[in-house]
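Take a look at the structure set out below.
The sequence lines fix the lettering, A, B, ..., with proteins before strands; numbering per chain opens at 1.
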Number of protein chains: 2
Amino acid sequence: MRALYHYDEIGLLVASERTPSGHRRYTERDLRRLYRVRALRGLGLSLEEVADVLADSADDPESLRALLAEQLRRLDEHAERIGVLRRRIGDLLRQAGDPYGPDPERLMTTLEVMSVFETYFTEEQRGRLAERREALGPEGVEAARREWAGLVEEGLRHLADGIPADDPRARDLVRRWDALAGRFHPEGPAGAETAAAARRMWRDNSAEIGGSLPWPAERMAGLVAYLEQARQAG
Amino acid sequence: MRALYHYDEIGLLVASERTPSGHRRYTERDLRRLYRVRALRGLGLSLEEVADVLADSADDPESLRALLAEQLRRLDEHAERIGVLRRRIGDLLRQAGDPYGPDPERLMTTLEVMSVFETYFTEEQRGRLAERREALGPEGVEAARREWAGLVEEGLRHLADGIPADDPRARDLVRRWDALAGRFHPEGPAGAETAAAARRMWRDNSAEIGGSLPWPAERMAGLVAYLEQARQAG
DNA sequence: CTTGAACCTCCCGTCGGGGGAGGTCGTAGC
DNA sequence: GCTACGACCTCCCCCGACGGGAGGTTCAAG
C-alpha cells in the first residue's frame, strides 16, 4: 500500500525494523498500530488527529471518546451543509421545469442573483429573510409580488411622465415601496440593516437582478435610481 | 478576492481588459460570468464542471439541468456515506459506554477488528453480513454469542486434554462451530465465500481479533489452528 | 510630492496520498 | 551459478481550489 510510505514520512507509522538492505519490516505491534490508523481514518479523522489520539490514548483514555464525539458533531454539520445544497439544487431544478418553459437563460440569471444575494447579505441575514418569507407563505409572497409589479408600473409611468423625484407622488410611491419591502425584512434594527443591504444591492446590481424580471434591465436601473433620489428628497 | 487570480490562471474567467499598467479590468460581462461561477461553485460543482457548463450552455441548454441533476445524485451519495460513518461512530460510542466500564483498550481493539474486517471482506460482503445480523436480531446474535462461548470453552478443554485434531469429538466440534457461523453468512455460494474469508481472517489475525474476547489471544490462536487441523482432517 | 492602499507576479504550502522513473533486493527455476 | 521477475527502495511531480507572503508597481487622496 502506497500510504505506508506516507505514514512513514510524516512519522505516524514507522516500521520498527529494517532489513540490512533497507526494506521495511513491520512487526506485530506495527501492524496493530496500522489497523488502528486505518480504522480511525475510515471514520473520517485526519491523520493529525489519528496521530494525536494514538499518542494520547495511553495516558488519557477519554481522548478517543472525546474525539469521536467531536467527529460525530462535525459529520452532523457536514450533513446539514449537504442538505442545504440539496434543497437549493432541488429548488433550481423545479424552477427550471416551471410553466414558463425551459429557459436556461433565466436559470443562469437566477444563479447570478443568488451569487449577488450572497455577496450583500450575511449568512445570518439570509436566514432571517428566509424565515420571513416562510412566515408569509407562498400566497403571501405571490400577493406581494403582484403588488410590487403594480408599484413598478406606477414608477415607470412617473418616470415616463417626467414627474420629479421630489414630487409628493414619488415620495408616496417610495413609502409604499418600502412598506412592501418591509414585509420581507425582520423586525427591529436587524430589519433596517437588511433593508439597507437590499438597497445597496439594487443600486449596484440592478442589471443582474433586473435580468430576471419582466421589465427591461435598463429601465429598472433608471427606476431604482429615481426611487433612490425620491428617498433622499423625502 | 484571491480566487480571481486562480480563475485567470486556469482560463475560467479572464478579465477582458487590462489597463496600460497591467491591472485587470472586469467588464459588466465579466462580472456576470463571475456571478455564475460563484453560484455554481457554491452548489458544490468543480471549477472544471463550471467551465464546461458555461461553455456548453450556449448551444446546449440541457447541460446545466443535467449537471445539476447529477450533482444532486452525488450529494445523495455523499450524504449516505456520512450517514454510515455517523452510525458507526454512534455504535462505537455506545459500546464505549457499556457496562463493562470505560475500557479504552477494548475500544482500540474494536477498531483493529473493524480494520481487519474491512481488509478481508469486500464492501458488498460486509453488507450481506450486516443484513444477516439484522435478520437474526439482537437476541439472536446474543444467543449465538453464548453458544459460541460454549464451543470455545469446549475446544479449549479438548486442547488441554490433548485430544487430537482428527478425533471424532474434534470433528464434531468443528461441525457445530461451522453451523453456528453459518447463521451469519448469506445463503448459497456467497455464504461459502464469506465463510472462507472469515476463516482466512481468523487464521491470519487471531491475535487482533482475540484481543477483544474474554480468552487469552494466544490460546484463541491455538484453538483456531486446532480447528483448522480438524477441518482438514474431516 | 508623499504616503498608504491596492494591485501585480512569482512561489511555496495545504491534505492524503497516486503514479512513475530509475535503481536495488530477494527468490525461484534452470 | 545464472537469470528472470516481482517486490521493494528513494526521489520527484501531480491532483483541487485556493491561502499566504515576498517583493515590486501603480493609483488616488491629501
Side-chain angles (χ1 to χ4, degrees), chain A residues 1-27 30-31 33-55 67 70-71 74-75 77-78 81-82 84-85 111 114-115 118-119 123 204, chain B residues 1-27 30-31 33-55 67 70-71 74-75 77-78 81-82 84-85 111 114-115 118-119 123 204:
Chain A
M1 203 179 359
R2 172 59 207 272
L4 289 177
Y5 294 120
H6 187 58
Y7 299 161
D8 193 340
E9 250 179 34
I10 64 174
L12 171 59
L13 176 62
V14 182
S16 317
E17 300 175 21
R18 293 269 187 148
T19 66
S21 61
H23 286 194
R24 289 170 179 76
R25 289 205 38 183
Y26 290 91
T27 65
D30 293 341
L31 264 188
R33 187 173 171 93
L34 172 60
Y35 294 146
R36 298 177 185 201
V37 169
R38 297 265 74 186
L40 291 168
R41 271 293 296 150
L43 295 176
L45 300 177
S46 74
L47 291 183
E48 194 183 349
E49 289 168 326
V50 171
D52 286 351
V53 83
L54 286 185
L67 183 57
E70 159 79 5
Q71 175 68 358
R74 282 184 297 194
L75 286 176
E77 260 183 41
H78 199 157
R81 277 203 299 278
I82 289 184
V84 169
L85 290 192
L111 288 177
M114 275 175 51
S115 171
E118 285 169 20
T119 325
E123 195 180 332
D204 300 349
Chain B
M1 204 179 359
R2 172 59 209 273
L4 290 177
Y5 294 122
H6 186 57
Y7 299 161
D8 192 340
E9 250 179 33
I10 64 174
L12 171 58
L13 176 62
V14 182
S16 315
E17 299 175 22
R18 293 268 187 148
T19 65
S21 62
H23 287 193
R24 290 170 177 76
R25 288 206 39 188
Y26 290 91
T27 65
D30 293 341
L31 263 188
R33 187 173 171 94
L34 172 60
Y35 294 146
R36 298 178 185 200
V37 170
R38 296 266 73 186
L40 291 168
R41 272 293 296 148
L43 296 176
L45 301 177
S46 74
L47 291 183
E48 195 183 349
E49 289 168 326
V50 171
D52 286 352
V53 83
L54 286 185
L67 183 57
E70 160 78 5
Q71 174 68 359
R74 282 184 298 194
L75 286 176
E77 259 182 41
H78 199 156
R81 276 203 300 276
I82 287 183
V84 169
L85 290 191
L111 288 177
M114 274 177 52
S115 172
E118 285 168 21
T119 324
E123 195 181 332
D204 300 348

Kindly indicate, with the supporting measurements, whether the criterion side chain to side chain donor-acceptor pair (under 3.5 Å) is fulfilled by A:Y7 and A:R38. CA-CA 11 Å; A:Y7 299 161; A:R38 297 265 74 186; 2.7 Å; yes
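Under a 3.5 Å cut-off, the side chain of A:D30 and the backbone N or O of A:S16 do form a donor-acceptor pair. Using modelled atom types, one side-chain atom of A:E49 and one backbone atom of A:S46 make a donor-acceptor pair closer than 3.5 Å.
Taking the ring pair (Phe, Tyr, Trp, His ring centres under 6.0 Å) definition, one finds that A:H78 meets it with B:H78, sequence neighbours left out.
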Under 3.5 Å between N/O atoms: give me all the protein pairs with nucleotides 1-3 of chain D, atom names plus distance.
none

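Summarising the geometry of A:V37 relative to A:L12, their closest heavy-atom pair is CG1-CD2, 3.9 Å, with the distance given to 0.1 Å. Closest non-hydrogen pair, A:L111 versus B:L43, comes out as CD2-CD1, 4.1 Å.
For the side chain to side chain contact (heavy atoms under 4.5 Å, CB included) with A:L67, the qualifying choice from A:L40, A:L45, A:V50 is A:L45, the only one to do so.
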When every nucleotide of nucleotides 9-26 of chain D is labelled 5' to 3' by its protein contacts under 4.0 Å (heavy atoms), B for base, S for sugar-phosphate only, - for none, what sequence of letters results? SS-B----BBBB-----S
